[in-house]
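Letters go in sequence order (proteins before strands), and every chain restarts at 1. Keep in mind the model is a prediction, meaning the values are calculated, not measured.
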There are 2 protein chains.
Amino acid sequence: MAHTPVEERRKALIAATLRVISARGLSSASTRTIVAEAGMSLASFHYAFTSRDELIDVLITEVLAKEEKAIAPAELVGRSLTELLTEGLSGYLAHLRSDPSREQAMLELTQHALRERPELARQQYAEYTRMAVAMLELAATHTGHEWSVPVPVAARLLLTMTDGLTMTWLVDRDDALAEDVVRAAAQAVASLAHPAA
Amino acid sequence: MAHTPVEERRKALIAATLRVISARGLSSASTRTIVAEAGMSLASFHYAFTSRDELIDVLITEVLAKEEKAIAPAELVGRSLTELLTEGLSGYLAHLRSDPSREQAMLELTQHALRERPELARQQYAEYTRMAVAMLELAATHTGHEWSVPVPVAARLLLTMTDGLTMTWLVDRDDALAEDVVRAAAQAVASLAHPAA
DNA sequence: GTCTATACACCGATAGAC
DNA sequence: GTCTATCGGTGTATAGAC
């Protein structure tokens with residue numbers, strides 16, 4: 001391969017690694033399989049990254065940060081709180097279904113981070129929670145509701161549901177059941193709010 | 001080590017493997033680290049199991065089957081539906097907190113099964129769902145309620161919550177927040193039932 | 001049945017030619 | 001900058017002595 005800027009190689013290797021993990025799992029993502037997927041030599045890997053651990057670190061920080069744990073509903077006006085929550089969770093489910101192996105890769109990376117870089121996983125989940133808080137406050141405001149429980153608790157419950165939804169759907173891929181669960185979950189979470197004074 | 005029945009060696013190796021996975025992760029559970037933990041020679045491993053894959057298979061089927069995904073409340077009488085659900089989820093949280101590394105090992109094994117033995121994971125989750133159905137029906141009956149959504153859907157929602165609870169708590173180990181989420185989750189799920197006719 | 005010794009594949013990482 | 005060749009280490013699995 002011709003002279004390529006280091007940054008470009010790093011990006012190519014990160015993308016290749018993600019493809020390998022999606023297709024065959026983190027344990028299959030050796031430096032050799034990664035460079036094979038990226039179409040470059042083993043030495044080029046160590047020119048772009050000092051070690052495999054460094055690449056996995058970058059993968060965890062950069063890729064998990066882009067992960068969507070909850071997708072905001074497209075349209076706010078004229079929808080009930082339950083509908084907004086249903087659309088948000090449904091959007092996440094669609095995201096999951098559109099590329100299951102990518103989400104499975106995310107799960108493996110999170111799991112790996114849990115053991116090797118626990119503080120990174122913690123920071124990431126704090127960020128997911130902040131996004132959920134913003135979404136719940138927006139939804140309540142637009143429908144004239146107030147949360148009966150502290151918003152961070154409701155947000156955490158929502159995050160708990162997306163995580164659980166990911167795992168259970170990945171296990172049996174039952175689309176109809178997942179949709180039913182999304183509706184029940186939205187209804188259940190909405191019951192934690194009441195009309196604003 | 002003196003002559004030992006094969007079955008005994010298998011049990012010792014399974015227990016040793018679980019300890020290794022709990023402490024250092026599935027990727028660290030090589031045949032060498034396993035036999036070191038079990039205090040036997042490498043050859044003894046291959047006398048008891050034909051391969052490492054066979055042991056992991058046995059681990060997934062036998063160990064995941066014993067996993068408690070939802071713990072039934074101890075006492076039924078005189079408790080509201082929300083209380084029963086809170087106690088059930090709280091019991092699971094206590095189970096998780098009592099040995100986090102064991103639950104992390106379960107998560108890694110489930111994840112591995114998802115890739116290598118998807119049908120085993122699926123069967124296991126079907127079993128978890130059956131247990132949750134039984135628990136929810138019992139709770140509703142004892143408190144004079146009926147479920148407003150199909151019981152399998154509510155059961156699946158409960159399973160979704162225990163899975164999500166496991167992940168989120170393992171990430172930040174926030175006991176107080178987890179307890180709040182358990183209460184909110186119980187209240188939310190209870191809202192899916194109504195007094196029986 | 002149980003052990004030591006070993007075969008052989010793959011791992012991460014680097015040396016050194018170009 | 002990029003490559004091929006290779007080092008040292010670890011992985012699974014087995015041969016063969018006892």
Side-chain angles (χ1 to χ4, degrees), chain A residues 1-61 105 108-109 111-113 115-117, chain B residues 1-61 105 108-109 111-113 115-117:
Chain A
M1 190 177 281
H3 288 215
T4 312
V6 189
E7 259 320 303
E8 202 167 313
R9 271 187 193 273
R10 285 171 69 99
K11 282 196 200 312
L13 284 167
I14 289 169
T17 305
L18 209 51
R19 287 197 299 275
V20 171
I21 297 177
S22 293
R24 295 189 282 150
L26 181 57
S27 63
S28 296
S30 67
T31 53
R32 284 179 158 87
T33 59
I34 291 167
V35 295
E37 172 72 26
M40 55 179 90
S41 74
L42 186 54
S44 295
F45 180 100
H46 287 286
Y47 182 77
F49 293 98
T50 65
S51 70
R52 178 184 180 274
D53 280 357
E54 192 205 346
L55 177 137
I56 300 297
D57 250 49
V58 170
L59 212 57
I60 289 171
T61 41
E108 284 188 36
L109 284 171
Q111 189 116 347
H112 181 266
R115 236 175 238 289
E116 308 295 330
R117 287 275 181 284
Chain B
M1 191 178 281
H3 288 216
T4 312
V6 188
E7 259 318 304
E8 200 168 314
R9 273 189 191 272
R10 285 171 70 100
K11 282 194 200 313
L13 283 167
I14 289 170
T17 305
L18 208 53
R19 286 196 301 274
V20 170
I21 297 177
S22 293
R24 294 190 281 151
L26 180 57
S27 63
S28 295
S30 67
T31 52
R32 281 181 153 92
T33 59
I34 292 167
V35 296
E37 173 71 26
M40 55 179 88
S41 75
L42 187 53
S44 295
F45 179 100
H46 287 286
Y47 181 78
F49 293 98
T50 65
S51 70
R52 177 185 180 273
D53 279 356
E54 192 205 347
L55 177 137
I56 300 297
D57 249 50
V58 171
L59 211 57
I60 290 171
T61 40
E108 284 187 36
L109 284 171
Q111 187 113 353
H112 181 266
R115 235 174 238 290
E116 308 296 330
R117 286 277 183 280

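For the pair Leu18(B)/Ile14(B), no side-chain contact is recorded, criterion being any heavy-atom separation below 4.5 Å from C-beta on. The shortest side-chain heavy-atom distance between Thr61(B) and Asp57(B) does not fall under the 4.5 Å cut-off. A heavy-atom distance below 4.5 Å is found between the side chains of Leu13(A) and Met40(A).
Taking atom NE2 on His3(A) and atom C1' on dC3(D), their separation rounds to 10 Å, with Å as the unit. In this entry the distance linking CD1 of Ile56(A) with P of dA13(C) reads 11 Å, nearest Å. Atom CG of Leu42(A) and atom C1' of dC10(C) are 12 Å apart (whole Å). Arg10(B) has its CZ atom 14 Å from the P atom of dT2(C), to the nearest Å.
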Determine whether Arg10(A) and Phe49(A) satisfy the following criterion, side chain to side chain contact (heavy atoms under 4.5 Å, CB included), listing intermediate values before the conclusion. CA-CA 7 Å; Arg10(A) 285 171 69 99; Phe49(A) 293 98; 3.5 Å; yes
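Contacts of residues 44-55 of chain B with DNA chain D (heavy atom under 4.0 Å): His46(B), Ser51(B), Arg52(B). Applying a 4.0 Å cut-off to non-hydrogen atoms, the residues of residues 25-33 of chain A that approach DNA chain C are Ser30(A), Thr31(A), Arg32(A), listed by residue number.
Side chains of Glu8(B) and Thr4(B): a donor-acceptor N/O pair is absent below 3.5 angstrom, by distance only.
Using a distance-only test at 3.5 Å, with no hydrogens or angles considered, a donor-acceptor pair links the side chain of Arg52(A) to the main chain of Ala29(A). At least one donor-acceptor pair closer than 3.5 Å links the side chain of Ser28(A) to the backbone N or O of Arg24(A). The main-chain N or O of Leu26(A) is found under 3.5 Å from a side-chain atom of Glu108(A) such that the two form a donor-acceptor pair.
OP1 or OP2 of dT2(D) lies within a sub-4.0 Å distance of a side-chain N or O belonging to Thr4(A). For the OP1/OP2 pair of dT2(C) and a distance below 4.0 Å, the side-chain nitrogens and oxygens of Arg9(B) include at least one atom meeting the criterion.
With the nearest nucleotide of DNA chain D identified for both Pro5(A) and Ala43(B), Pro5(A) has the one nearer the 5' end.
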